[in-house]
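Keep in mind that the numbers below use all heavy atoms, side chains included, and drop hydrogens, waters and symmetry copies. All of these numbers come straight from a predicted model, not from anything done at the bench. Positions are given from 1 along the sequence.
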Amino acid sequence: MKSALMAALLKEGLLQKKDDILCCHDHDYVMANWLHQQQFKYYAATETHVPGANKNKFAASKKIPPLFDVVLYPLGLEQEQAGEAAATELQDAYERLKPGGRFIVLTRRDDLFAAVHDGASMVRSALDTMTVDAITTVAHHADDSTDIVVVKKGGVYKPQLKVRHIDDETAFREACEQLHGAHEIGLDVETTLAEPRILCTVQLAAEDTVYVIDALPLEDFTPLKRLLEDERILKIIHNKAFEEQVLGQYGIRINNIYDTLIASRKRSKTQSRRGHNLRDVCARELGIFLDKSLQASDWTVRPLSVAQRDYAAADAEVLLYLYRRFEPPKPPETMSLF
């Protein structure tokens with residue numbers, strides 16, 4: 001496994017600094033060495049530590065994550081021909097992956113997946129028993145003899161409420177007017193990554209509908225300003241500082257906020273700081289897994305993909321459920337005649 005191939009994974013956005021990465025079949029520690037040098041959080045699948053220069057806080061961590069964001073799985077011809085034992089091993093590694101996570105198969109066989117249709121591929125036969133969202137082959141030039149096959153695990157949360165996509169001023173005004181009748185709304189935004197942040201979408205989740213509002217064509221944000229400054233409506237946000245900063249650039253103040261990030265920290269004080277991002281909180285409190293892979297996608301490109309709309313809607317919708325989890329309705333008071 002060449003370092004150039006690992007660099008190709010990084011260039012393609014398949015490896016991110018926030019990921020927990022599991023390395024399988026890394027007997028010569030090429031993957032571990034590269035990940036260590038790049039300061040990634042990685043773990044060896046079959047080793048309790050990594051010798052020499054690879055002894056670090058990640059490989060030697062006492063607390064190995066129960067599930068990983070990425071599993072790197074180099075696959076040679078000898079494994080492909082090993083039959084049932086190899087298939088079981090691959091399935092076990094796949095089970096270590098979070099829903100929405102990336103199972104990256106690195107193979108020197110150009111035709112590894114060519115035999116899918118006649119059932120001769122051990123990899124595909126093993127994955128047929130698993131929950132798979134998509135399988136793609138990534139084009140790269142780091143090592144022409146090696147294929148990068150990315151298997152995205154299924155089971156991620158999809159919006160349960162009705163999703164309305166709004167991209168014109170009239171529908172925008174009407175949606176904001178309708179939401180003035182809500183008691184609470186989930187609020188989330190998507191922006192550009194570079195500063196200054198440009199507001200791309202605004203997501204507003206109410207009792208039965210999530211509004212995904214395309215902010216790029218809007219010229220007048222007054223309807224949103226009136227809605228978010230309405231003291232009667234509770235705005236549920238995860239990490240209010242971000243929304244306040246972004247919307248503040250448009251002259252919008254947010255009144256009457258419930259921050260699920262603060263609530264999570266109060267509820268689970270023993271959790272690390274990293275354990276309070278929205279994905280981890282939803283997994284811990286609601287038992288659902290959000291797919292955050294689109295967070296860093298280009299939100300200025302139009303039209304938005306279906307996956308982007310689902311991603312945006314889900315992030316706002318789950319805020320309602322977290323609020324009800326953290327602040328359940330009080331039981332009715334018992335009335336007494338005496």
Side-chain angles (χ1 to χ4, degrees), residues 67 69 97-102 130-134 152-167 171-172 174-191 200-215 224 227-228 233-240 242-243 254 257-261 263-264 267-268 275-297 299 303-330:
L67 295 174
D69 301 290
L97 196 64
K98 294 177 181 177
R102 302 176 295 284
M130 317 301 287
T131 304
V132 175
D133 185 57
K152 183 177 180 180
K153 190 173 183 178
V156 297
Y157 182 80
K158 300 291 185 183
Q160 303 300 299
L161 301 179
K162 177 183 176 182
V163 179
R164 281 194 58 192
H165 180 246
I166 294 174
D167 59 1
F172 171 58
E174 291 175 352
C176 289
E177 285 299 321
Q178 291 174 359
L179 286 169
H180 273 286
H183 295 292
E184 65 259 350
I185 57 176
L187 169 63
D188 188 55
V189 300
E190 300 302 333
T191 70
C200 298
T201 66
V202 179
Q203 298 85 256
L204 301 169
E207 184 177 354
D208 57 1
T209 305
V210 183
Y211 299 87
V212 178
I213 300 168
D214 187 348
L224 182 64
L227 178 66
L228 298 185
I233 305 170
L234 181 67
K235 292 81 179 181
I236 308 166
I237 309 173
H238 194 80
N239 188 16
K240 67 178 182 178
F242 182 75
E243 272 69 19
I254 312 172
I257 297 174
Y258 183 93
D259 192 337
T260 54
L261 174 61
S264 175
R267 183 181 178 92
S268 305
H276 294 288
N277 62 62
L278 186 59
R279 181 178 62 176
D280 288 348
V281 174
C282 285
R284 183 169 62 246
E285 299 292 344
L286 303 176
I288 60 177
F289 290 87
L290 298 179
D291 180 6
K292 304 301 289 183
S293 62
L294 291 173
Q295 187 175 31
S297 64
W299 289 90
L304 294 173
S305 67
V306 173
Q308 283 179 308
R309 294 185 190 185
D310 283 347
Y311 168 91
D315 272 9
E317 179 179 311
V318 297
L319 296 175
L320 298 176
Y321 307 145
L322 285 175
Y323 172 67
R324 293 164 192 165
R325 173 74 172 176
F326 294 145
E327 303 290 337
K330 295 181 180 179

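Taking the side-chain hydrogen bond (donor to acceptor under 3.5 Å, both in side chains) definition, one finds that Arg267 meets it with Glu285, sequence neighbours left out. Under the salt bridge (Lys or Arg N to Asp or Glu O under 4.0 Å) criterion, Lys235 pairs with no residue at all, not counting sequence neighbours. In this structure, Thr209 has no side-chain hydrogen bond (donor to acceptor under 3.5 Å, both in side chains) partners at least two apart in sequence or on a different chain. Not counting sequence neighbours, Glu207 has no partner by the side-chain contact (heavy atoms from CB on, under 4.5 Å) test. Under the side-chain contact (heavy atoms from CB on, under 4.5 Å) criterion, Lys152 pairs with Asp133, Asp291, Ser293, sequence neighbours left out. By the salt bridge (Lys or Arg N to Asp or Glu O under 4.0 Å) test, Asp167 pairs with no residue at all, sequence neighbours left out. By the ring pair (Phe, Tyr, Trp, His ring centres under 6.0 Å) test, Tyr258 pairs with Tyr323, sequence neighbours left out. Residues meeting the side-chain contact (heavy atoms from CB on, under 4.5 Å) test with Ala182, sequence neighbours left out: Ile185. For Tyr311, the ring pair (Phe, Tyr, Trp, His ring centres under 6.0 Å) partners two or more places apart in sequence, or in a different chain, are Trp299. Among residues two or more places apart in sequence or in another chain, the side-chain contact (heavy atoms from CB on, under 4.5 Å) test is passed with Asn239 by Ala241, Phe242, Leu261. With sequence neighbours excluded, the residues forming a side-chain hydrogen bond (donor to acceptor under 3.5 Å, both in side chains) with Gln203 are Asp188, Thr201, listed by chain and number. Taking the side-chain hydrogen bond (donor to acceptor under 3.5 Å, both in side chains) definition, one finds that Glu177 meets it with nothing, sequence neighbours left out.
From His165, atom NE2 reaches atom CD of Gln308 across 9.5 Å, with rounding to the nearest 0.5 Å. In this structure, the separation between OH on Tyr321 and CD on Gln160 is 6.5 Å, given to the nearest 0.5 Å.
Heavy-atom minimum distance, Gly155 versus Thr131: N-CG2, 3.8 Å. When every heavy atom of Asp280 is checked against every heavy atom of Gly275, the shortest pair comes out as CB-O, 3.5 Å. A pairwise comparison of heavy atoms in Leu290 and Cys282 identifies CD1-SG, 3.9 Å as the closest pair.
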